[in-house]
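Counting from 1, the numbers follow the sequence of the chain as shown. Because the structure is predicted, anything quoted here is derived from the model rather than measured. Whatever order the structure lists them in is the order used to number ligands and atoms, beginning at 1.
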Amino acid sequence: MALVNEHFLKLPGSYLFSDIAKKVNTFKATHPDQDIIRLGIGDVTQPLAPACIEAMHKAVDEMANKSTFRGYGPEQGYDFLTEAIIKNDYTPRGIQLSNSEVFVSDGAKSDTGNIGDILHQDNNIGVTDPIYPVYIDSNVMGGRAGTLQENGKWSNIVYMPCTAENNFIPQIPDKKIDILYLCYPNNPTGTTLSKEELKKWVDYALVNDTLILFDAAYEAYIQDPSIPHSIYEIEGAKKCAIEFRSFSKTAGFTGIRCGYTVVPKELTGTTPQGERISLNSLWNRRQSTKFNGTSYITQRAAEAIYTPEGKEQIKQTINYYMTNARIMKDGLVACGLQVYGGENAPYLWVKTPKGTPSWRFFEQILHETHVVGTPGVGFGPSGEGYIRLTAFGEHDDCIEAMKRIKNRD
Ligand SMILES: *Cc1c(COP(=O)(O)O)cnc(C)c1O
């Protein structure tokens with residue numbers, strides 16, 4: 001008899017995107033002639049940079065040749081990639097890392113979800129609300145979330161509301177939290193934390209022995225030079241934080257699959273008896289046991305992002321999306337809507353007019369303008385009264401969508 005992990009049974013179905021798809025399909029069936037513009041998707045639309053394509057072709061040819069063929073690579077990633085990562089993403093920001101602190105993976109979703117493998121079940125968890133659902137669901141699976149309450153919150157998770165009222169800056173909790181998730185620039189709100197604000201969290205973590213899990217999947221979208229790209233720009237962060245990064249949004253790798261996680265050598269957790277344990281060695285053990293590396297071809301593609309041509313090409317694509325974001329933000333503000341984010345992130349977090357519930361506003365714009373967004377409440381209780389629009393669409397679609405929203409009433 002195989003007993004199942006019953007924690008999985010506590011998870012409510014993840015209905016957000018399937019509910020959206022259902023509503024859009026119903027609308028399409030009843031309005032077959034209407035042209036629908038999807039601004040709800042969290043996936044990129046522009047093709048890979050030519051530098052990456054070239055690198056992949058070359059790597060494929062190497063695989064065709066006995067003398068250059070590669071089999072299993074290091075589980076932690078090839079040195080050529082970890083070196084490129086350190087040299088380009090960290091050294092210029094004054095952050096010193098060694099190769100053994102960088103773990104190449106197949107993406108940030110896997111790593112943010114799997115990190116719980118090395119953490120005890122009896123930790124309490126803190127999340128900003130709204131939130132990227134992986135952080136919560138993976139803790140439910142690991143038995144750390146407690147029970148789902150009627151207010152939509154889990155009993156062992158501390159929710160830190162991020163709303164227009166606090167300018168989307170979460171308040172430092174007045175209690176001790178063991179593990180804290182921060183995602184900046186933020187999905188879904190598109191907002192950021194300044195160095196001063198992020199420093200408050202690092203200081204809190206150092207005082208309270210909190211582990212910060214910092215998701216920087218959108219750092220490449222930061223335009224304002226004063227905003228930190230890495231949590232390690234803050235003094236002391238190597239003692240309290242793991243950083244997750246991804247090439248998915250940076251370079252259109254959502255289908256290629258590559259990211260990396262930084263676990264500094266000086267970072268420790270503790271046993272129930274109080275012995276300090278290196279998280280770097282635990283994660284290394286976990287990865288070498290359960291993961292057999294990202295494909296060589298993929299890692300060569302990722303390396304190419306850091307060539308002069310690669311950097312220029314991905315910058316152009318990011319500019320394309322950020323131009324969309326600006327057009328959308330200007331268009332929505334001109335309609336009298338309150339819009340947050342969109343300046344250092346590819347997401348716009350739009351306050352629904354007159355306190356309309358997220359789903360009702362979603363239906364309104366679908367029916368009146370045939371534009372699809374994502375109801376904010378789908379990302380957590382504090383997302384109620386907002387809708388998320390992404391800048392990952394086609395340029396002309398963004399312009400057309402704004403025209404329709406403007407002509408709405
Ligand atoms: C898209 C996204 C990621 C990236 O996930 P991958 O698995 O690397 O594609 C990570 N975190 C957040 C918050 C995201 O929105």
Side-chain angles (χ1 to χ4, degrees), residues 14 16-17 39-46 48 52 77 81 85 89 102-116 125-139 160 162 168 170 180-193 212-222 229-231 241-262 287 290-291 293-295 298-299 301-302 305 314 317-318 321-322 325 341-342 344-349 373-374 376 378-380 382-383 388-393:
S14 172
L16 179 62
F17 289 95
L39 300 180
I41 47 156
D43 198 358
V44 296
T45 55
Q46 299 303 302
L48 290 181
C52 298
L81 180 54
I85 288 167
D89 288 343
V102 178
F103 296 84
V104 175
S105 72
D106 63 351
K109 188 187 203 174
S110 334
D111 285 1
T112 52
N114 290 333
I115 196 72
I125 307 294
V127 296
T128 56
D129 173 29
I131 189 198
Y132 181 56
V134 176
Y135 311 150
I136 291 188
D137 289 2
S138 59
N139 277 297
M160 302 173 291
C162 294
F168 300 94
L180 183 78
Y181 288 82
L182 294 177
C183 173
Y184 288 99
N186 190 258
N187 174 14
T189 66
T191 59
T192 54
L193 284 189
I212 297 178
L213 301 176
F214 190 78
D215 186 343
Y218 295 95
E219 62 80 28
Y221 288 82
I222 294 173
H229 287 240
S230 166
I231 194 165
I242 292 175
E243 181 162 290
F244 302 92
R245 292 220 185 167
S246 169
F247 298 112
S248 284
K249 318 301 167 20
T250 304
F253 273 42
T254 51
I256 301 291
R257 309 306 306 144
C258 195
Y260 63 90
T261 292
V262 178
Q287 288 297 81
K290 293 199 188 179
F291 183 62
T294 306
S295 83
T298 299
Q299 292 190 63
I305 294 167
I314 66 162
T317 304
I318 289 171
Y321 294 135
M322 290 311 284
N344 296 288
Y347 294 113
L348 285 89
W349 192 243
T374 312
F379 299 99
S382 295
R388 188 191 76 173
L389 299 180
T390 84
F392 287 132

Handout entry: Residue shell around ligand 1, heavy atom under 4.0 angstrom
Key = G107, A108, K109, Y132, Y135, C183, N187, D215, A217, Y218, S246, S248, K249, R257
Exercise for the section: Please name the pair of heavy atoms, one in R257 and one in T294, separated by the smallest distance, quoted to 0.1 Å. Expected result: O-CG2, 3.7 Å
Completion exercise
Heavy atoms of I231 and A241 approach each other most closely as CG2-CB, 3.8 Å
Exercise for the section: List for me each residue that meets side chain to side chain donor-acceptor pair (under 3.5 Å) alongside Y135, sequence neighbours excluded, and say none if there are none. Expected result: D215
Exercise for the section: State which residues pass side chain to side chain donor-acceptor pair (under 3.5 Å) with S105; sequence neighbours excluded, sorted by chain then number. Expected result: D111
Handout entry: Donor + acceptor pair across side chains of Y181, N139 (<3.5 Å)
Key = yes
Problem - Pairing residues for R388 by the salt bridge (Lys or Arg N to Asp or Glu O under 4.0 Å) criterion, not counting sequence neighbours - result: none
